[in-house]
Amino acid sequence: MPVVDMPEEDLLRHRVTTPEPADLDEWWATRLAETTAAATPVVLTPHEPELYRPLSVYDVEFSGAHGHRVRGWYLRPPGDGPLPVVVTYIGYGGGRGLPAQHTLLPTLGFATFVMDSRGQGGRWSVGATADAGAGTGPEHPGVMTRGIASPDDYYFTRLYLDAARAVDVAAELPGADPGRIAVTGGSQGGALALAAAALRGDRVRVCHSDVPFLCDLHRAVRIGTTTPYTEISDFLAQHDALVPAALETLRYVDCALLARRISAHTLFSVGLMDETCPPSTVYAAYHEVRAPKEITVSPFGKHTTPTSHVETQLRHLRENL
């Protein structure tokens with residue numbers, strides 16, 4: 001891949017060209033309603049109180065897509081609240097990890113709810129949630145083509161519904177302020193943050209999306225030269241008959257299309273040398289957000305953010321949450 005997939009001046013003009021499905025809002029509203037109707041009570045179990053004091057840490061189990069049980073961590077600063085809550089989503093291949101990996105925000109006064117990614121957690125951080133019906137526990141990815149012939153069956157439909165439900169759950173957790181909810185994540189986590197902010201726009205006040213995945217998907221699967229996008233292009237190279245159905249499915253989970261529904265204060269980051277999530281696909285989503293927004297641009301950034309970006313995010317949280 002070249003240093004950038006298009007010149008920077010073109011990135012500032014680039015827009016997603018994939019047509020939005022005519023029934024996109026109705027389709028997601030139906031699935032969100034079904035997911036909410038299938039939900040059962042959240043279960044919180046205290047985790048290692050002596051180890052993590054003065055923080056309160058809970059192992060959380062809640063209902064995601066189709067009522068499937070999803071795991072997470074809830075870390076809360078001392079005191080009763082009400083506290084702002086940051087819902088954290090994980091990058092591709094990772095799981096929720098251990099609470100010790102998520103202590104920064106609680107030490108600064110923000111509660112955080114970390115959602116596990118169903119059927120992942122087998123590559124670089126541990127997971128604890130199966131993709132119900134497709135497995136019995138965490139797995140090594142990929143999952144990019146799981147159910148891709150239909151948006152009803154697609155893996156990322158389920159994961160987006162989990163992410164939206166995580167926002168609802170976060171609003172009801174002990175000590176949470178339901179009026180101050182943020183979503184955050186990088187790569188796949190950045191996509192989930194965008195999807196959650198779009199699907200739960202009435203609840204999400206701040207959205208942080210770093211080098212987001214799953215944006216401008218019709219372009220991404222054609223120009224992407226590394227995994228995970230090549231999982232799809234390699235698969236479709238062998239299954240010509242599935243190409244129309246797969247491309248139709250991707251329209252329903254394209255975060256550049258969903259981004260039009262975001263009302264949260266949104267902060268993006270992009271690396272202009274990112275081969276995993278090409279910068280044009282990130283800009284495609286950024287340009288579709290109609291709410292207040294900012295983007296941090298790293299001219300030599302790859303699929304990471306500079307260390308200083310942490311303080312940019314903290315400042316953005318303080319100002320908008």
Side-chain angles (χ1 to χ4, degrees), residues 1 5 16 18 21 28 31 64-66 68 70 89-95 115-125 127 129-135 137-163 185-196 209-259 274-282 284-285 303:
M1 184 178 178
D5 66 333
V16 61
T18 305
W28 275 110
R31 277 137 198 87
H66 308 299
H68 299 160
V70 178
Y89 303 109
I90 307 301
Y92 192 67
M115 189 191 86
D116 202 15
S117 297
R118 59 167 64 221
Q120 296 189 44
R123 179 177 289 172
W124 54 270
S125 65
T129 303
D131 184 14
E139 306 169 40
H140 191 287
V143 293
M144 294 294 294
T145 61
R146 186 176 289 176
I148 199 170
S150 165
D152 289 320
D153 299 328
Y154 194 35
Y155 171 85
F156 283 100
T157 298
R158 296 191 292 280
L159 196 61
Y160 284 15
L161 290 169
D162 294 348
S187 192
Q188 176 185 262
L192 294 176
L194 294 174
S209 181
D210 289 330
V211 293
F213 186 41
L214 301 171
C215 299
D216 203 359
L217 280 168
H218 284 192
R219 175 175 172 81
V221 299
R222 288 181 168 93
I223 70 168
T225 58
T226 68
T227 56
Y229 284 131
T230 53
E231 289 181 34
I232 294 177
S233 56
D234 289 349
F235 175 77
L236 294 179
Q238 299 299 323
H239 296 276
D240 282 351
L242 285 178
V243 169
L247 293 179
E248 178 66 8
T249 292
L250 294 178
R251 292 203 299 152
Y252 285 85
V253 297
D254 191 328
C255 285
L257 301 179
L258 290 172
D274 191 344
E275 296 184 49
T276 304
C277 294
S280 61
T281 67
V282 176
H303 197 53

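FYI, side chains are in, hydrogens and waters are out, and symmetry mates aren't considered; it's all heavy atoms of this structure.
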Practice task
With the side chain counted from C-beta on, respond yes when L257 and V16 share a heavy-atom pair under 4.5 Å apart, and no when they do not.
Solution key: yes

Practice task
Could you tell me whether a side-chain N or O of T249 sits under 3.5 Å from a main-chain N or O of I148, the two making a donor and an acceptor?
Solution key: yes

Exercise for the section: For the pair Y252 (side chain) and S150 (backbone), establish whether a donor and an acceptor sit closer than 3.5 Å, ignoring hydrogens and angles. Expected result: no

Handout entry: Passing option when Y155 is tested against R118, Q120, R146 for side chain to side chain donor-acceptor pair (under 3.5 Å)
Key = Q120

Exercise for the section: Could you pull out the closest heavy-atom pair between Y229 and G224, with the gap in Å? Expected result: CB-CA, 4.5 Å

Practice task
Please report the closest heavy-atom contact between D254 and D216, naming both atoms and the distance.
Solution key: OD1-N, 2.8 Å

Problem - Minimum side-chain heavy-atom gap D5-P279 below 4.5 Å - result: yes

Handout entry: Pairwise side-chain contact, L192 with L159, heavy-atom cut-off 4.5 Å (strictly under)
Key = yes

Completion exercise
Output for pair (H303 NE2, F213 CZ), nearest 0.5 Å, gives 8.0 Å

Handout entry: Y160/L214 under side chain to side chain contact (heavy atoms under 4.5 Å, CB included): CA gap, chis, key distance, verdict
Key = CA-CA 11 Å; Y160 284 15; L214 301 171; 3.5 Å; yes

Exercise for the section: Evaluate the criterion side chain to side chain contact (heavy atoms under 4.5 Å, CB included) for residue pair D152 and T157; output intermediate values, then yes/no. Expected result: CA-CA 7 Å; D152 289 320; T157 298; over 6 Å; no

Handout entry: Polar side-chain atom of D116 near backbone of T129 as donor-acceptor pair, under 3.5 Å
Key = yes

Exercise for the section: Considering non-hydrogen atoms only, spot the tightest contact between T145 and I232 and give its length. Expected result: CG2-CA, 4.0 Å

Problem - Under 3.5 Å: donor-acceptor pair, side chain of Y89, backbone of A163 - result: yes

For residues 234-248, dump all side-chain donor-acceptor pairs below 3.5 Å to protein atoms at least two apart in sequence or in another chain.
from, atom 1, to, atom 2, distance (Å)
E248, OE1, R251, NE, 3.0
E248, OE1, R251, NH2, 3.0
E248, OE2, R251, NH2, 3.0

Completion exercise
Correct closest heavy-atom pair for C255 and L194 would be CB-CD1, 4.0 Å

Practice task
Give a yes or no answer on whether the side chain of D210 reaches the backbone of G190 with a donor-acceptor pair at less than 3.5 Å.
Solution key: no

Problem - Heavy-atom closest contact (G119 atom, V143 atom, distance) - result: O-CG1, 4.3 Å

Problem - Chi angles and distances behind the side chain to side chain contact (heavy atoms under 4.5 Å, CB included) call for L258, W28 - result: CA-CA 10 Å; L258 290 172; W28 275 110; 3.9 Å; yes

Exercise for the section: For residues S187 and C277, determine if any side-chain heavy atom of one lies less than 4.5 Å from a side-chain heavy atom of the other. Expected result: yes

Handout entry: Non-hydrogen atoms of P228 and M144 that approach each other most closely
Key = O-CG, 3.6 Å

Exercise for the section: With sequence neighbours left out, write down each residue that passes ring pair (Phe, Tyr, Trp, His ring centres under 6.0 Å) with H68, or none if nothing qualifies. Expected result: H66

